[in-house]
Structures are given as structure tokens and as C-alpha cells.
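Notes follow once the structure below has been shown.
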Amino acid sequence: MYVTAIIAAGGQGLRFGGERLKQLVEIGAASLLERSVSAFVDHPNVSEVVVALPADLAVAPPAWLRQLRKPLAIVAGGARRQDSVANGLRAASAASEIIVVHDAARPFVTADLIARTIAAAVESGAALAAVPARDTVKRTASAANPAEAGSHGREGREVVETIPRDEIYLAQTPQAFRRGVLEAALALGHEATDEAALAEQAGYTVRIVEGEARNIKVTTPEDLPIAQAIAREIDEGAGRASGGRSRVRIGTGYDLHRLVEGRPLVLGGVTIPFDRGLAGHSDADAICHAVTDAVLGAAAAGDIGRHFPDSDPRWKDASSIDLLRRAAAIVRAAGYTVGNVDVVVIAERPKLGPFVEEMRARVAEALGADVSAVSVKGKTNEGVGELGRGEAVAVHAVAILA
Ligand code: MG
């Protein structure tokens, strides 16, 4: 089933104050927005994600939003929350059957709650996460009627009735809908503080899914210390689950090719004028081969021989820079981005210095990384051994993925 998640982050966070947009405030290791978006991007039941951002942020979104492993669309939010959701819905795939709406201000939504809300909407058409009221609930005179509200504003309001607590649920997000239900609900054009209320007004049955106490909404600066404490607990828990290791991954690669007559010398995607070249399958570009193995190794995704075997005619005359580009796509699909790469080329001759900048640029381009993330260093072997006699060129590479 094709499921679209719409992350409503279009508000300006007016109740939050401060210089920065609330969505970009760091909660532990990641921003509010990043935590909320990641929960859906990482979720196996979610097919695509649409993020509604304030208009100025939508045109210049944070870089990490462009590097996710799922189809992602960014739309500008509207004046009201439901307008943002409507904009998001227009950007959803035509294949989408279930729409799950989540408020970016709830950064601690769990995979389990997302799955249960989607499942309930599949069954009943509309569902929302909500928690039972713990406190006794009093209804006071409406603020819309100041005469009834008494002379002290909010402070002096008088209780009109005590509502039985077991009837009261406090709405959270996610809220999930069959596509047609959400379309009809939004088409009402009513004012509402959530989409479930619109579905209800449109006459649909809306089902409650037991929400989670930690799925708090970060609304005012007073919520931040609580949010930071929850984030600390979650981040430390995640660290323990991964054996206390960080997500940063390192890989190493090595390659060596003989220098022979009658071949072009290709290193780092650059053809270097020289009287000999590297022997081997394809262009024998030892820099690209070592870097390919380093990035694949960092992701524990095998090696160059496994992905691009010389026995396969598809790779017969493939350029090695193209294989590197494919390897980078493989590690991106596994959820990683290239942090940086460092390369040592051991070649007695020719001098590589004049070609280093071009090699860095070619390798960086293939990796989808900035040139500042790629280092290439030439070394001689001081005349020692086979490398020192110029019989071969050897390359060592390390890569960091994050
Ligand atoms: Mg090789």
C-alpha cells in the first residue's frame, strides 16, 4: 500500500518566540524538523514524505533534506495548518492511498505509533493518535462570550461543568486518512486545529489510536527542557542499541596495477601524459578502484569485484570513474552520505602534483561530494622495491561515511 507522510512544518512558531524558527531548534543531536522527518523517512510502511515548510525555508531548505533515502517533496506551507496539509496533498503521488499527517513539533513519534495509526486508517478511513486525559477536565464559559467569562479574563473564569474524564482524549499526531476522506475533509474549508476534526465534521468515523505520553508537542520555550531530557534518553538508548558506536563509518581500500607500455595512464579519472600506463581490465584507474572499495567497505556493502566483476561484459570497458559513481549510489541507497575521502598514490613517476586538483574534482563529482571532501596525495617509494623501480602504481584510500 502506497503511504504518503505529510509533515506539517509550515508555521512560524509564533508562540515560541526567539530568533530561529522553532522547526530548526536542536533537540539533542538533531533539530525538531530532522527528528520528525526522520521518523517517517525511516519507517518501512511510509512510501514517500512531503514536508510543508515556511515559504522562505521551502526555497532554501536545509541540505540534509535533499539527501534522504526516500522520495521527498518540499512544499510551501499555507496560512493555516490545513492549508499546509492541502499543499502537501497536492504534491503527493497519484498512487498514494493513505495519507498520514504529522506535526513537526512532535519530534518523538515512534515507529510503532506510526504503524498503528496507519493500520487503523486502513481499516476505518480516519484515525488519530490521542492520549486519555489524566487530569479532571472542567469546562468554563467560552472566551467568545466575555460577559459570561467573568471580569478576570482567563484567570477568573467560572466552571460551567466537570466533564467525565474517561470520555476525554487529547489529540496528538500522527493522524492518518484514506486519501478520499482527507480530500473531502479539507474540501469543507472549515477552520479546525487538526485534520481529524475536519474528517469528523465531514461525517466520517474517526478512530482513536492509543498515543504516547512522550509524543509531546514542543510549543513554547518552556517545553524545551522536557524535550531535551526525552531526546537525551532516546539518543543514549540508540547509542546503547548500536553497541555505543556512532553512526560514522570508516572504510579502507587498496589497489595496485602494473605499469606497462602501450596503455594510457588514467588516475582519478584524469588521463596523464606518460610513456606507460596501468595494465588491467577497463582503464585500470587504481585511484577510482581503491576509493570504490573504501566507500563500499565503509558501508559493509562488499567490494568492487562483487559489484562490477570483470567477468561481466557490462563492465568490460566501463570507465572506473563511472564505477565509482555507481558505488556512491549504492552507499547512498544504504542510507549513508560520503563524509570525506583521503587517498595516497605511490608512484615513482610521473610527478602527480600538476594533476592532483583535477583528480580531486573528478573523484568528488563521482562521489556527489564537495571537492573539499576529497584529498589526493602523491608519494614515491624512494626507489625501494617494485614500486620504487616504477613497475607498478599502488593506491591506498580511506573513506568516512555518515
Ligand atoms: Mg584495480
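Whatever order the structure lists ligands and atoms in, that order sets their numbers, starting from 1.
Partners of Thr136 by side chain to side chain contact (heavy atoms under 4.5 Å, CB included), not counting sequence neighbours, listed by chain and number: Lys138, Thr162, Arg165.
For the Mg ion (ligand 1), the nearest N, O or S atom contributed by Asp255 is named OD2. When you scan the N, O or S atoms of His289 for the one nearest the Mg ion (ligand 1), you land on ND1.
Put simply, the side chain of Gln172 never gets that close to the backbone of Val131: no donor and acceptor are under 3.5 Å apart.
For Asp370 against Ser372, the heavy-atom pair with the smallest separation is OD2-OG, 2.7 Å.
Ring pair Trp315/Phe308 is perpendicular by interplanar angle, where above 60° counts as perpendicular and below 30° as parallel.
Residue side and main chain included, Asp285 places no N/O/S atom under 2.8 Å of the Mg ion (ligand 1).
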